[in-house]
Every structure is written in structure tokens, then in C-alpha cells.
Number of protein chains: 2
Amino acid sequence: MSLRHAVLGLLSAGPASGYDLLKTFELSLENVWPATQSQLYAELGRLAQEGLVRVAAEGPRGRKEYEITEEGRAELRHWLVEVSPAVNRRSDMLLRVFFLDQVGTGAARGYLERLAERAVHEHDQLLGIREFVIGQGDDALRLYGDIALEWGLRLTAAQREWAEWAAGRVAALEQEKAPEQEKALEQK
Amino acid sequence: MSLRHAVLGLLSAGPASGYDLLKTFELSLENVWPATQSQLYAELGRLAQEGLVRVAAEGPRGRKEYEITEEGRAELRHWLVEVSPAVNRRSDMLLRVFFLDQVGTGAARGYLERLAERAVHEHDQLLGIREFVIGQGDDALRLYGDIALEWGLRLTAAQREWAEWAAGRVAALEQEKAPEQEKALEQK
DNA sequence: GTCCACATGTAAAGGGTTACATGATTTT
DNA sequence: AAAATCATGTAACCCTTTACATGTGGAC
């Protein structure tokens with residue numbers, strides 16, 4: 001149930017409407033905790049009912065500006081400090097690796113090579129973001145933004161190296177098997 | 001919708017009952033694609049209805065042994081080769097980093113240090129698993145198992161290094177701010 | 001005869017995605 | 001005047017988790 005904490009976290013930096021928050025989710029939280037419009041409005045309603053946020057002001061077009069309450073801030077800090085973070089156990093990417101023996105070495109190598117390419121692409125995008133956000137925010141905000149970005153850079157770099165290494169191992173198996181395939185052809 | 005492909009993948013290695021599959025999910029797929037008993041039986045029912053698997057034999061205690069069909073194998077290969085893997089976008093661990101400025105440098109550093117410790121622990125567990133599975137299975141199976149395990153090792157190693165680096169950066173900020181805090185204390 | 005492992009299923013609730021639905025301001 | 005943006009809300013469906021529910025066969 002981290003959506004609520006993402007919302008509380010964003011509101012801890014200042015009041016915002018559901019619409020505002022949605023933009024933030026699309027822009028900066030896209031790669032960390034995506035959320036849809038339906039989800040957001042529903043969660044804001046629940047948070048307000050439970051007293052963790054409150055409507056601080058109303059604007060044109062039914063705009064409701066939400067503000068975090070002291071109770072909300074307490075919940076945010078409690079979550080940050082006392083609740084241990086959930087590990088990300090599911091990985092579609094890795095699940096496929098387990099079954100790659102079903103498609104032969106050529107296709108398997110292709111899969112791993114595409115993973116490597118994707119990692120390079122993501123890494124480049126993060127480098128672009130880093131250029132863009134350099135020097136923004138105060139000391140603490142910049143630091144934690146940097147730390148998060150650095151994780152993305154290290155993760156994509158590691159993924160590239162691993163995928164290339166793995167593709168190499170599959171290629172080696174391919175070579176080993178090549179003589180056997182020639183033998184099989186000769187037998188025809 | 002990868003649960004279905006996980007099931008097809010397991011059945012591609014040979015027939016099994018829902019109960020058997022559940023044990024496999026708990027043992028080997030625990031860190032890649034966890035699934036519960038309810039989910040499994042429901043999915044097997046759907047897969048059978050759609051003709052991707054079939055009941056090959058019935059045993060004692062209502063045991064139904066499922067077998068993958070040619071259609072199921074085709075779906076598995078299609079998924080492996082033609083459907084691009086979904087990226088894991090949500091990260092509870094990283095979401096918290098964005099809001100660490102809410103809890104002060106001490107608690108923030110503590111959070112990162114605990115992440116590092118956890119990464120070390122997970123890394124050690126994977127090393128243990130590697131010792132245990134060494135030399136099991138045929139060439140292809142061993143290779144892909146190795147590749148998956150290697151990802152786990154690299155990921156946990158990277159996480160440890162990153163978390164320690166990050167904790168260091170927070171400690172540096174703490175030092176920078178220490179004189180200011182002394183000043184603040186003097187003013188009282 | 002009791003206990004454990006085997007074996008399957010259903011129900012309720014939570015969280016997420018997609019699609020539907022509507023309307024008010026501001027910009028061009 | 002039209003188009004884009006702002007702004008909120010609801011409904012249906014899918015996947016996952018937790019809990020409930022039941023019964024059989026083998027081992028000791």
C-alpha cells in the first residue's frame with residue numbers, strides 16, 4: 001500500500017490538487033511508482049476521510065487543493081523509518097530466462113542481446129535526465145534525487161553487463177553444439 | 001499476465017499437478033514470480049479450458065496431473081520470443097529515497113545502511129544456493145539457471161555498493177551541517 | 001488411530017488498469 | 001468559435017493476497 005505514502009510524500013513538499021499530483025506522478029515518479037488518475041482521486045478521497053490530508057483551498061473548475069496534516073506527516077515518517085521496504089520479487093525479464101531452453105540458443109541469445117540494448121537505452125535516458133536536473137533544489141532534495149538517479153544508472157549499467165555476459169555464455173554453448181549439428185546433418 | 005507463462009514454462013519440463021507446481025513456485029520461483037495456491041488452481045483451470053494444458057492422468061486424492069499441449073508450447077514460445085518483457089517500474093525501496101529529506105540525516109543514513117545490510121544478506125543466500133545447485137541439470141538448463149543466479153548476485157552486489165555510497169554522501173551532508181547546528185545551539 | 005503430507009477448491013477484499021463520463025476555463 | 005488544458009469522478013475488469021473449507025492416503 002505505498003501509493004498512499006507516495007501521495008503523502010509529494011504533499012509533504014507543499015499543497016497540490018489531484019491534477020497537480022497526477023502530473024508529478026507522470027513526470028518524476030513514472031519510474032518509481034506509477035499511478036493512474038482513477039487511483040489518485042480515490043486515494044485522495046480516502047486520505048481526506050482518514051484525516052491524513054485536508055482540502056486547504058478550492059479553485060476554479062472544482063479544483064481542490066490538498067494539504068498534508070500533522071497526522072499525515074506522522075504516518076509518512078512512521079512508514080519511512082519503521083516499516084521495512086518491500087522487496088521487488090517479481091521479474092518478468094528473469095522469469096523468461098528460466099525457460100529459454102525452450103527456444104534454442106539463437107533465439108535465447110537474441111533475447112539477451114535485446115535486454116542489453118534496452119539497458120543501454122535506459123541508461124542514456126537517465127544520463128539525459130541528470131544533465132537536465134543538475135543543480136536543482138536545495139542541498140537535501142538534490143542529494144536524495146541524486147541518490148535515486150545514481151541507483152538507476154548503476155542498475156542499468158549492471159543489467160547491460162550481465163546481459164552481454166549471458167549472451168556470450170549462450171554463444172559459447174552454441175559453438176560447442178555446432179559440431180554435433182554438423183554430425184547430425186551428415187547422417188541425413 | 002505472466003503467471004500463466006510461468007505455469008506453461010514449468011509444465012514444458014514435464015507433467016505435474018497443481019500441488020507439485022505449488023512446491024516449485026515456493027522453492028525455485030520464489031524470487032522471480034511468486035504465486036499462491038488459490039491463484040495456481042484457478043489458472044490451471046483457465047489454461048485447461050483454453051486448451052493450453054490438459055489433464056493427462058488422475059491419481060489418488062483427486063490428484064490431476066496436467067500436461068502442456070502443443071498449443072500451450074506455441075503460446076510459451078510466442079511469449080518468450082515475440083512479447084517484449086515488462087520493465088519492473090515500481091520500487092518501494094527507491095520511493096522512500098525520494099522522501100528521505102522528511103526524516104533528517106541520521107534516520108536517512110540509517111535507512112540506507114539497513115539497505116546495504118539486507119543486500120549483503122541476500123547476496124550470501126544466493127551464494128549458498130549456488131553451492132547447492134552446482135552441476136545440476138543438463139547443459140542448457142544449468143546454463144540458464146546460472147545466468148539467472150548471476151543476475152541476483154550482481155544485483156545484490158550493486159545494491160550494496162550503491163547503498164554504502166549513498167550513506168556516505170548523507171554522512172558528508174551531516175558533517176557539513178554540524179557547524180550550523182552548533183551555531184543554532186549557541187543561540188539558545 | 002492419529003498425525004502429517006497430499007490435494008483441491010471457493011470467497012472476500014485490496015490494488016491496479018482501462019474506459020467511460022462530464023464539465024469549466026483558458027488559449028488561439 | 002474552436003481547441004486545448006484543467007479538473008474531477010465512476011464502473012468494470014484483472015491480478016494478487018488472505019482466509020476459509022474440505023477431504024484422502026500413507027506412515028508410525
Side-chain angles (χ1 to χ4, degrees), chain A residues 1-8 10-11 15-27 29-50 53-67 79 83 86-92 95, chain B residues 1-8 10-11 15-27 29-50 53-67 79 83 86-92 95:
Chain A
M1 227 215 323
S2 284
L3 172 66
R4 84 168 15 198
H5 299 111
V7 171
L8 289 174
L10 292 180
L11 287 178
S17 69
Y19 193 84
D20 294 339
L21 292 173
L22 187 63
K23 297 293 152 200
T24 311
F25 270 95
E26 281 167 1
L27 274 170
L29 255 42
E30 180 67 17
N31 294 301
V32 178
W33 205 272
T36 60
Q37 182 251 41
S38 322
Q39 240 185 318
L40 249 180
Y41 285 112
E43 190 62 45
L44 280 169
R46 276 187 295 255
L47 284 167
Q49 219 180 351
E50 293 170 40
V53 306
R54 111 170 52 88
V55 178
E58 306 210 5
R61 281 167 291 199
R63 176 187 174 91
K64 290 186 224 165
E65 201 150 70
Y66 289 94
E67 187 180 63
W79 173 74
V83 181
V87 269
N88 235 1
R89 271 137 93 239
R90 280 194 180 87
S91 168
D92 187 351
L95 179 64
Chain B
M1 229 218 316
S2 285
L3 172 65
R4 84 168 15 200
H5 299 111
V7 171
L8 289 173
L10 292 180
L11 287 178
S17 70
Y19 192 84
D20 294 339
L21 292 174
L22 186 63
K23 297 294 151 196
T24 310
F25 269 96
E26 281 167 2
L27 274 169
L29 256 41
E30 180 66 17
N31 293 300
V32 177
W33 205 272
T36 59
Q37 182 251 39
S38 321
Q39 239 185 316
L40 249 179
Y41 285 112
E43 191 61 45
L44 280 169
R46 276 187 297 256
L47 284 167
Q49 219 180 351
E50 294 171 39
V53 305
R54 112 169 53 87
V55 177
E58 306 210 5
R61 282 166 288 200
R63 176 187 173 93
K64 290 187 224 166
E65 203 151 69
Y66 289 93
E67 187 179 62
W79 172 74
V83 182
V87 269
N88 234 2
R89 273 137 91 238
R90 280 195 180 87
S91 168
D92 187 351
L95 179 63

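Just so we're on the same page: letters track the sequence lines, and every chain starts at 1. All heavy atoms count here, side chains included; hydrogens, waters and symmetry mates do not. As the structure is a computational prediction, the values presented were derived from the model and not from experiment.
Considering only side-chain N and O atoms, B/Q37 lies nowhere under 4.0 angstrom from the phosphate OP1 or OP2 of C/dT8. Contact annotation: B/K23 side-chain N/O to C/dA5 OP1/OP2 distance is not under 4.0 Å. Under 4.0 angstrom from either OP1 or OP2 of C/dT17 there lies at least one side-chain N or O belonging to B/R90. An OP1 or OP2 oxygen of D/dG25 is reached within less than 4.0 angstrom by no side-chain nitrogen or oxygen of B/R61. OP1 or OP2 of D/dA7 sits under 4.0 Å from a side-chain N or O of A/R63.
A/R63 has its side chain within reach of A/E65: a pair of non-hydrogen atoms, C-beta onward, lies under 4.5 Å apart. With a 4.5 Å cut-off on side-chain heavy atoms, A/L47 and A/L11 do not count as touching. The shortest distance between side-chain heavy atoms of B/R46 and B/E50 falls below 4.5 Å.
The distance from atom CH2 of A/W33 to atom C1' of C/dG15 is 10 Å, rounded to the nearest whole Å. Following rounding to the nearest Å, B/L44 (CG) and D/dC15 (C1') show an atom-to-atom distance of 16 Å. The OH-C1' distance, from B/Y19 to D/dG26, rounds to 13 Å in whole Å. Between B/Q39 atom CD and C/dG15 atom P there is a gap of 16 Å when expressed in whole angstrom units. Rounded to whole Å, atom C1' of D/dT17 lies 15 Å from atom CZ of B/F25. One interatomic measurement links the two molecules: NZ of B/K64 to C1' of C/dG9, which rounds to 9 Å at whole-angstrom precision. Here D/dG23 presents its C1' atom at 13 Å from OH of B/Y41, a figure rounded to the nearest Å. B/L29 places its CG atom 13 Å from the P atom of D/dT16, with the value rounded to the nearest Å.
Each of B/T36, B/V32, B/V7 was scored for a side-chain contact (heavy atoms from CB on, under 4.5 Å) with B/F25, with one residue passing: B/V7.
Here C/dT18 is the nucleotide among C/dT18, C/dT25, C/dC6 with the atom lying nearest to any side-chain atom of A/T36.
Residue B/R4 is classed as having no contact, given no heavy-atom separation below 4.0 Å to the nucleic acid. If you check every strand for non-hydrogen atoms under 4.0 Å, A/S38 touches a base.
Across the interface with DNA chain C, nearest-nucleotide mapping of A/P60 and B/A42 shows B/A42 to be the residue nearer the 5′ end. DNA chain C is contacted by both B/D20 and B/R89; B/D20 maps to the nucleotide lying nearer its 5′ end (nearest heavy atom per residue).
Taking the ring axis of B/Y66 as reference, the NZ or CZ atom of B/K64 does not stay both within 45° of it and closer than 6.0 Å to the ring centre.
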